[in-house]
Amino acid sequence: MSISKTYLPKETEDKWYSYWLKHDFFKSVPDEREPYTIVIPPPNVTGVLHMGHMLNNTIQDVLVRRARMKGKNACWVPGTDHASIATEAKVVAMLKERGISKKDLTRPEFLAYAWEWKEKYGGIILEQLKKLGASCDWDRTKFTMDEDLSEAVIDTFIHLHKKGLIYRGVRMVNWDPQGKTAVSDEEVIRKEVNQKLYYIKYSVAGDGLPVAGEEVSSVADEATGNTQHATHNYLTIATTRPETIMADAAICINPNDERYLHLHGKTVFIPLINREIPVILDEYVTMDFGTGCLKVTPAHDLNDYELGQKHNLPVIDILNDDGTLNEKAQILVGEDRFAARKKIAVLLDEAGALTKVEDYKSQIGFSERTDAVIEPKLSMQWFCKMSEMAKPALDYVLNGEVKLIPEKFINTYRHWMENVRDWNISRQLWWGQQIPAWYLPNGEFVIAKNIEEALEEAKLKTKNPQLTIQDLAQDPDVVDTWFSSWLWPISVFNGFKDPENADINYYYPTNDLVTAPEILFFWVARMIMAGHEFRGQAPFKNVYLTGIVRDKLGRKMSKSLGNSPDPLDLIEQYGADGVRVGMLLCSPAGNDLMFDVSYCEQGRNFANKIWNAFKLIKGWEVDASLANPNEIAIEWFGSRFNQALGEIEDNFAQYRLSEALMATYKLVWDDFCAWYLEMIKPVYLQPIDKVTYTTTVQYFENILKVLHPFMPFLTEELWHDELLGERAEKDCCIVAQLPNIGEINTQLISEVEIVQIVLTQIRNIRNTKQISPKEALELSYKSNSGVNYQQYQAIISKLGNISQFSEVDDKVIGAVNFIASTDEFFIPLSQNLDPVAECARLGKEKEYLLGFLKSVNAKLGNERFMSNAKPEVIEIEQRKRADAEAKLNIIEQNLIDLAC
RNA sequence: GGGAGUUUAGCUCAGCUGGUUCAGAGCAUCUGCCUUACAAGCAGAGGGUCACUGGUUCGAACCCAGUAACUCCCA
């Protein structure tokens, strides 16, 4: 049977994924084993797999597979998020294509379309995750709008309202005038935009009539270059939003601003509409920004709103929900805000109230979904009080019950939790859980699970038994999507409806959560709050925060930039295992990763390397009559393997996945392939002895186990090859148990390290002297260190192509020599040595050693070092000195011999 | 404006409690090899003023202060 020259992922991936599914290896039910649980951060149901998911889910799968192989009952719960705004946008777009407008539909009609869309297109992403090898328990797949999950949302709402933690109020929200809904902070994308800064004059009352065109003197301060903007007739403000001047409630100046002392207590007139507003004083105003006079527009700016509250200013909202000006603006009514901005600039200019226009760069918020400029807007919304719930959630992290990885996020987390704002939980959408509030004819409302209960409540509340269902109107809004996802770790196990069920008691709290730092507050923090509120326990023990996937240039990967490769294409090209390895190679926890396809290439090459090692072993013929010549090699690799196993374990314990992978990579590529297999490899077409063969096969099988979490498909494929023996149907790599760490012969490992240096030196000599590897050489040595090189003779001879290997008591004159550890090695060559070059080389080495010795001696001769340093440090320094002196002796002797 | 973080080889990153031979890895680079597992490979080599300036210390990539550049979060 011929084996392909390279590993072919396409022939194995689907095959083994179906096999795993068929044998229920991903399935988890509570049993006596220790559970290991991860709940997936539910991707948007509208989502398609991008590089961020790829990274995130690779990490989760590695953790889950490893836990499974450590004998735990591993459960990875998958699912999707209903993503109100994103999905509603998709559905509206779909309807538009069919010529249907949302406003012509009733709510139930619209929702029917939405469900239709969800059934048809939703959850593609889960299918894509299977390509990656994700070993989720698919039978547990949940959706945040599943009946029981929605019920949990409603119950939670009622519960929190009863506790007084949910209230209704007017607040400044991020308003999307295109989607006509409030959006959450994280759905606002801030971008730097080129804008204009308009300088507008307001006339001061009592200082003359607000007549345009009156002579105004502006006094420039030569020293500072500042222009004094307030004359006795006018003051000037700078704004990027001149269309909102009609909503101004005051002008604010800093009380310490000496330029404007004369304005204290005055009032001014808004240009064009001549409404009179006060000048107020507040240190909030920065004196050196703009003119130092700030227009205060409480209805259209968050900071102004807060300032307005402080100073009891009226709120004049001049914008409609769609971003056009309303009649309160008095002028330009019905114009869109941006058209109005241009027009008002012209009007102001004509009125002589516009003194100048400057270019200005600033951050502006855009709606993630519609890309409309976000308008800060006051509106009646539902809010969830945060401060009470934030306290215990902060404590979990501070006292280490919930560990953030990496720890640097603790500070950020604390900062946020200590300054937490109430959470706007209502959204002006239809897709989602409708707020369980019913309004009564008198304007009051009741909160209830359904309309029947609401009616009962209403009758009690109004003491009017005549009320009917027709008198009640349910709040049309839905709750924020995060208001369902914060319950996720509990709701996926049905922990609300049935709080004592076997699943939740077994799987909760979960072990690890793997997510992006961007949603640490919006999701992670709130899950901890909900976990505490509803279960009295944090929902997970560790939070692994991944970085953002960026391109080579450091730009965030995004659809609009087109700099994101399609993960499925990558899998197609490099194989799922190759891509998984590629993702992990460049992903330190919590740091962004600069992704480049070359990492996937490296992953693919690694898969190929393993494949070829397998091919080599598989090709060997066994001759049972042969003695085992490889005892040392076998013991050495066994020790190295155990040592590496420890390193890998240690890396995993610290969630250093990319280092765990690198340790595995080097174990396989360097130790196993480059050294061990070369040591034991029989001459071409010669048979191998039985012991070496079976041990090597055993080693290979152990390597497959260690590799499996990273490279599940390749390892499963090789696991089932006849090379590794007969397999029962359920004897699969995915459920194999990781080997335990066995004995480690550290002396052997360090001696082999010296042997490796010897071999490297021999090869180096071949390279520099242009001696073919095929040409056998003689090697003799003078041991000063006590290492018994005779036991490594077979290895050195084989890998160095040494025909004669002998110990000598005296140096070999005229031979090429090198030092390994403190031992001298000699290779006699037919060609003559170049004494000049040799002298130069030795001279350099001597110089280096002298310098080194000097620094060591300086330390050892320093009384303070001797009295302060730890004994083991002193011992190390002494050994360094002894070694250096020994080497120096050899080199000096060589120099004498060469008569340099 | 407030907060957090980063800066070590061409690139991506390790470097733990300050102390192994004046800093390690992978990739990339260079040189030589189509050596019967693998050219997606093998062998070897080169490459760093640890951002900068001071300080503490017997000793600093590591601790402290300042400076600069970049990134993120919040406003």
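Every chain is numbered from 1 and lettered A, B, ... according to where its sequence line falls, protein lines coming before strand lines. Any value given below was found using the heavy atoms of this structure, including those in side chains, with hydrogens, waters and symmetry copies removed.
- On the P atoms, B/A4 is 27 Å away from B/U56, given to the nearest whole Å.
- Across the protein-nucleic acid pair, A/Asn174 atom CG and B/C74 atom P stand 11 Å apart, rounded to whole Å.
- A donor and an acceptor atom, one from each side chain of A/Tyr676 and A/Thr696, are located under 3.5 Å apart.
- In this view, A/Glu572 and A/Lys10 satisfy the salt bridge (charged side-chain N to carboxylate O under 4.0 Å, His left out) rule, not counting sequence neighbours.
- Between B/G44 and A/Arg763, a contact under 4.0 Å exists linking OP1 or OP2 to a side-chain N or O.
- We find that CE of A/Met417 is positioned 15 Å from C1' of B/C74, with the value rounded to whole Å.
- Rounded to a whole Å, the CD atom of A/Glu753 is 13 Å from the P atom of B/G24.
- Between A/Ala820 and A/Ile757, the shortest heavy-atom contact is CB-CG2, 4.0 Å.
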For nucleotides 31-38 of chain B, print each protein N/O atom paired with a nucleotide N/O atom at under 3.5 Å, atom names and distance only.
residue	atom	partner	partner atom	Å
B/U36	O2	A/Tyr684	OH	2.8
B/U36	N3	A/Tyr684	OH	3.3
B/A37	O2'	A/Asn612	OD1	2.6
B/A37	N6	A/Glu678	OE2	3.0
B/A37	N3	A/Asn612	O	3.0
B/A37	N3	A/Ala613	N	3.4
B/C38	O4'	A/Asn612	OD1	2.9
B/C38	O4'	A/Asn612	ND2	3.4
B/C38	O2	A/Lys609	NZ	3.0
B/C38	N3	A/Lys609	NZ	2.9

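- Looking at heavy-atom distances under 4.0 Å, A/Thr768 makes no contact with the nucleic acid at all.
- The separation of B/U49 from B/G44, taken at their P atoms, amounts to 26 Å, rounded to a whole angstrom.
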Per-nt protein contacts along nucleotides 56-63 of chain B (heavy atom under 4.0 Å; B base, S backbone sugar-phosphate only, - none) come out as --B-----
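- A side-chain contact (heavy atoms from CB on, under 4.5 Å) with A/Met679 is found for one member of A/Thr692, A/Asn630, A/Leu799, A/Val755 and no other, namely A/Leu799.
- Under the salt bridge (Lys or Arg N to Asp or Glu O under 4.0 Å) criterion, no residue pair touches residues 749-761 of chain A, with sequence neighbours excluded.
- Using a 4.5 Å heavy-atom cutoff, the side chains of A/Leu197 and A/Thr239 are not in contact.
- In this structure, A/Asn419 does not reach the B/C74 phosphate: none of its side-chain N or O atoms is under 4.0 Å from OP1 or OP2.
- To the nearest whole angstrom, the two C1' atoms, one in B/G1 and one in B/A25, are 42 Å apart.
- Of the inter-residue distances, the one linking A/Lys618 atom NZ with A/Asn612 atom CG reads 14.0 Å to the nearest 0.5 angstrom.
- Side-chain contact check for A/Ser4 and A/Lys615: no donor-acceptor pair (N or O, by modelled atom type) lies under 3.5 Å.
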Dot-bracket encoding of pairs in RNA chain B, which uses [ ] for pseudoknotted crossings and | for another strand, Watson-Crick or G-U under 3.5 angstrom: (((((((..((((.....[....)))).(((((.......))))).....(((((..]....)))))))))))).
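- Each of A/Gln761 and A/Phe521 was matched to the nucleotide of RNA chain B holding its nearest heavy atom; the match closer to the 5' end belongs to A/Gln761.
- Distance A/Asp670 CG to B/G41 C1': 14 Å, rounded to the nearest Å.
- Only the C1' atoms considered, B/C64 is 38 Å distant from B/A28, to the nearest whole Å.
- A/Leu777 places a side-chain heavy atom less than 4.5 Å from the side chain of A/Arg766.
- Using atom C1' as the reference point in both B/C22 and B/U31, the two lie 28 Å apart (nearest Å).
- Between A/Tyr665 atom OH and B/A25 atom C1' there is a gap of 11 Å when expressed in whole angstrom units.
- Spacing of C1' atoms, B/C38 relative to B/A23, comes out at 33 Å, to the nearest Å.
- A/Arg879 comes within 4.0 angstrom of no nucleic acid atom, judged by non-hydrogen atoms across all strands.
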Verdict with supporting geometry, A/Leu853 and A/Glu885, side chain to side chain contact (heavy atoms under 4.5 Å, CB included): CA-CA 8 Å; A/Leu853 209 50; A/Glu885 280 170 347; 3.8 Å; yes
Dump the intermediate steps for ring pair (Phe, Tyr, Trp, His ring centres under 6.0 Å) on A/Phe672 and A/Tyr699, then the final yes or no. CA-CA 9 Å; A/Phe672 188 69; A/Tyr699 283 161; 7.3 Å; no
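- The separation of B/U53 from B/A61, taken at their P atoms, amounts to 13 Å, rounded to a whole angstrom.
- When the options A/Leu8, A/Leu704, A/Thr12, A/Asp577 are evaluated for a side-chain contact (heavy atoms from CB on, under 4.5 Å) with A/Glu717, the one that passes is A/Thr12.
- When the P atom of B/A43 is taken as reference, atom CD of A/Gln756 falls 11 Å away, rounded to whole Å.
- In summary, the side chains of A/Arg640 and A/Gln643 do present a donor paired with an acceptor at a separation below 3.5 Å, with no hydrogens or angles considered.
- There is a side-chain donor-acceptor pair under 3.5 Å between A/Asp596 and A/Ser598.
- Out of B/A40, B/C73, B/G26, the shortest distance to the side chain of A/Arg604 is found at B/A40.
- Under the 3.5 Å distance criterion, the side-chain polar atoms of A/Ser772 are matched with a main-chain donor or acceptor of A/Lys774.
- Taking atom C1' in both B/U35 and B/A43, the straight-line distance is 10 Å, to the nearest Å.
- By the 4.5 Å heavy-atom criterion applied to side chains, A/Phe606 and A/Met711 are counted as neighbours.
- Here B/C11 presents its P atom at 17 Å from CD of A/Gln602, a figure rounded to the nearest Å.
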Sub-3.5 Å pairs of nitrogen or oxygen atoms, protein against nucleotides 1-4 of chain B:
none

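- Residues A/Asn605 and A/Glu659 both approach RNA chain B. Their nearest nucleotides, taken by heavy-atom distance, put A/Glu659 toward the 5′ side.
- Whole-Å rounding puts the A/Leu55 CG to B/U12 C1' distance at 14 Å.
- Listed nucleotides: B/A14, B/G44, B/A25. Nearest to the side chain of A/Asn764: B/G44.
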